[in-house]
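Everything below concerns the one structure shown next.
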Amino acid sequence: MAVNAILRENAEVLIPPEISPEIIQGSIERSTVLSQFRRLPDMSSNVRELLVLDALPFVYWVNGDTGIKQTTSINWDGVKIIAEELAVIVPIPENVLDDAAANGYDIWGQIRPLLQQAAGQAIDLAIIFGINKPASWRPDIVTSATAAGQAVTSTGDTWADIMGENGVIAKVEQSGFMPNGVLSSVMMRGLLRNMRGDDGHPIFATSLQAGGGYMLDGMSMYFVMNGAWEDSLAKLIVGDMSQAVYAIRQDITYKILTESVIQDPSTKEIVYNLAQQDMVALRMKMRLGWQLPNPINALQPNIAYRFPFAVLKPAGGGGNGNGNGNGNGNGNGGT
C-alpha cells in the first residue's frame, strides 16, 4: 500500500504571491446517512447493548363473569452497537506550510473540511453498501434489505418500481414500518423528473420543503453528494429512518504529529521520519457505531421478511425480492 504525503508540487499553486489568497472549494458534504438516522447519546465505552422487542403480548376474551383470565408474556432481546475507529494521517513538509502561510494560506484549515467529507463518504459506503465496513458491524442496508426480500429490480417502469403495490415503498409498508425518507444519487433526479402522468404532467414534485430538501410521495428525499453512492448497486433506498440508530464514542479530533515516523502499512518500511525530515503530520480520528434493531411489529412478526428499508436495484443488479411471508417466527436484530 502506497503512503502519500502533500509535497511541494502538490501545494505549489498555493505558494506564489501573485495568486489570490481565496481558495474556491466545492460544497463539502459529510455523511448523509448520519444526518438522517437517529442519534443516541454518546457512548462511554466501545460497546453498547440495545434492548429490542422480540415478542408481542396477546390478550384473550374472558368466557362469562367467572371465566378464567389467561396470561401472556413480552420478550426483549439485545443487539450491540460496536464503535470502530476511522482515522488518517496527512504528512507535509514544514517548509511547504511556512511558505503557504507566508502567502496567507492556512493549509490545515483547508484540509480539515476535506477530511470530514472523506470520513462521511467512508461511513456512508460502509453503512449503505458494506464497502470496507468494519468486520464487527452488522450487514449493510442493501445486503440486509435484499436478504429480507425487500429489493425490487428496475423494470423500466419507474412509477411501478417506486409507487406500485409491489414497489419499494410498499415493501417497507408490508414489513410493518412507515417509510419516511428516501436516499439516492443525484443522478436519480433526472429520471424522476421524467416521470409523467397520462396527461403529460410531471409526477415528481421538485418543489422544496419549507425547511429545504425534496419530496417523493410525501417523504423527504436526500441525495448523497459526497461520492458514496454506488449506482451499480442501488438506484434508491426507501425506509423508516428512525429505525436506524448510531452513537459516537469519540467525535472527530485532530492532532499535530512532529516526532513520529510514518510506516508503509504493508511493508512496515519507514517512509517518513518527521523529525529528521522537517515534516509534520495532521492525524484525524473518530470512533462511532450504528445498528438497526428491526423490532417485531404487529404487521410482520417474521424477521425473515421484516426490514425497515427497501432498495430499488438497477436492471441486472440483483433479483426482485417479493417475499412477504406472514409466519409467526420471532427475532430481533435484523438480517
Side-chain angles (χ1 to χ4, degrees), residues 1 3-6 28-52 77-92 108-144 183 222 224-230 239 241-266 268 274 280-294 309 332-334:
M1 179 184 291
V3 176
N4 300 310
I6 298 178
I28 304 300
E29 301 290 340
R30 275 75 170 182
S31 169
T32 301
V33 295
L34 295 190
S35 71
Q36 306 310 316
F37 290 177
R38 182 159 50 97
R39 181 172 178 173
L40 301 180
D42 290 352
M43 303 170 69
S44 58
S45 66
N46 68 319
V47 178
R48 173 182 292 167
E49 187 164 9
L50 305 176
L51 292 180
V52 182
D77 205 342
V79 295
K80 294 179 179 179
I81 294 181
I82 300 176
E84 295 289 359
E85 183 175 321
L86 191 63
V88 72
I89 296 174
V90 182
I92 184 169
W108 292 143
Q110 299 295 327
I111 291 173
R112 283 193 290 269
L114 296 173
L115 293 179
Q116 293 170 19
Q117 174 178 300
Q121 181 187 56
I123 291 167
D124 288 354
L125 284 171
I127 292 177
I128 299 174
F129 301 107
I131 296 175
N132 296 325
K133 81 174 186 67
S136 66
W137 279 11
R138 58 156 293 124
D140 59 276
I141 290 175
V142 170
T143 297
S144 299
L183 300 173
Y222 307 95
V224 179
M225 297 292 292
N226 59 13
W229 194 267
E230 291 291 329
M241 300 294 168
S242 67
Q243 294 298 319
V245 298
Y246 74 97
I248 301 291
R249 175 63 184 92
Q250 182 182 32
D251 210 340
I252 291 180
T253 60
Y254 300 96
K255 183 176 182 180
I256 300 294
L257 308 177
T258 59
E259 307 296 328
S260 305
V261 295
I262 306 297
Q263 291 180 288
D264 184 304
S266 302
K268 307 305 180 184
L274 301 185
V280 295
L282 178 68
R283 187 196 69 191
M284 183 216 77
K285 71 172 185 175
M286 69 178 303
R287 297 168 66 195
L288 78 159
W290 82 291
Q291 188 53 265
L292 214 163
N294 196 10
F309 288 84
N332 73 70

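Partners of Ser242 according to the side-chain hydrogen bond (donor to acceptor under 3.5 Å, both in side chains) rule, which considers only residues two or more places apart in sequence or in another chain, are Asp240. The side-chain contact (heavy atoms from CB on, under 4.5 Å) search around Arg249 returns Met43, Ala83, Arg287, not counting sequence neighbours. Applying the ring pair (Phe, Tyr, Trp, His ring centres under 6.0 Å) criterion to Tyr246, with sequence neighbours excluded, gives no partner residue. Residues satisfying the side-chain contact (heavy atoms from CB on, under 4.5 Å) test with Lys255, not counting sequence neighbours, are Leu257, Arg283.
Within the structure, the salt bridge (charged side-chain N to carboxylate O under 4.0 Å, His left out) test picks out the following pairs touching residues 32-41 (sequence neighbours left out): Arg39-Asp42. Sorted by first and then second residue, the pairs that involve residues 125-137 and meet side-chain hydrogen bond (donor to acceptor under 3.5 Å, both in side chains), not counting sequence neighbours, are Glu84-Ser136.
The closest donor-acceptor contact from the side chain of Gln291 to the backbone of Val245 lies at 3.5 Å or more, if one exists at all. Between the side chain of Ser144 and the main chain of Ile141, no donor-acceptor pair closer than 3.5 Å is present.
In this structure, Phe37 CZ and Ile127 CD1 are separated by 5.5 Å, a value rounded to the nearest 0.5 Å. Distance check, rounded to the nearest 0.5 Å: CG of Asp140 to CZ of Phe309 gives 12.0 Å. A distance of 11.0 Å separates CD1 in Ile128 from CD1 in Ile123, rounded to the nearest 0.5 Å.
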**OP:** List the steps and the verdict of side chain to side chain contact (heavy atoms under 4.5 Å, CB included) for Met225 and Thr32.
**Re:** CA-CA 8 Å; Met225 297 292 292; Thr32 301; over 6 Å; no
Original post:
For Leu50 and Leu40, what are the C-alpha separation, side-chain angles and deciding distance, and is it a side chain to side chain contact (heavy atoms under 4.5 Å, CB included)?
Top reply: CA-CA 11 Å; Leu50 305 176; Leu40 301 180; 3.9 Å; yes
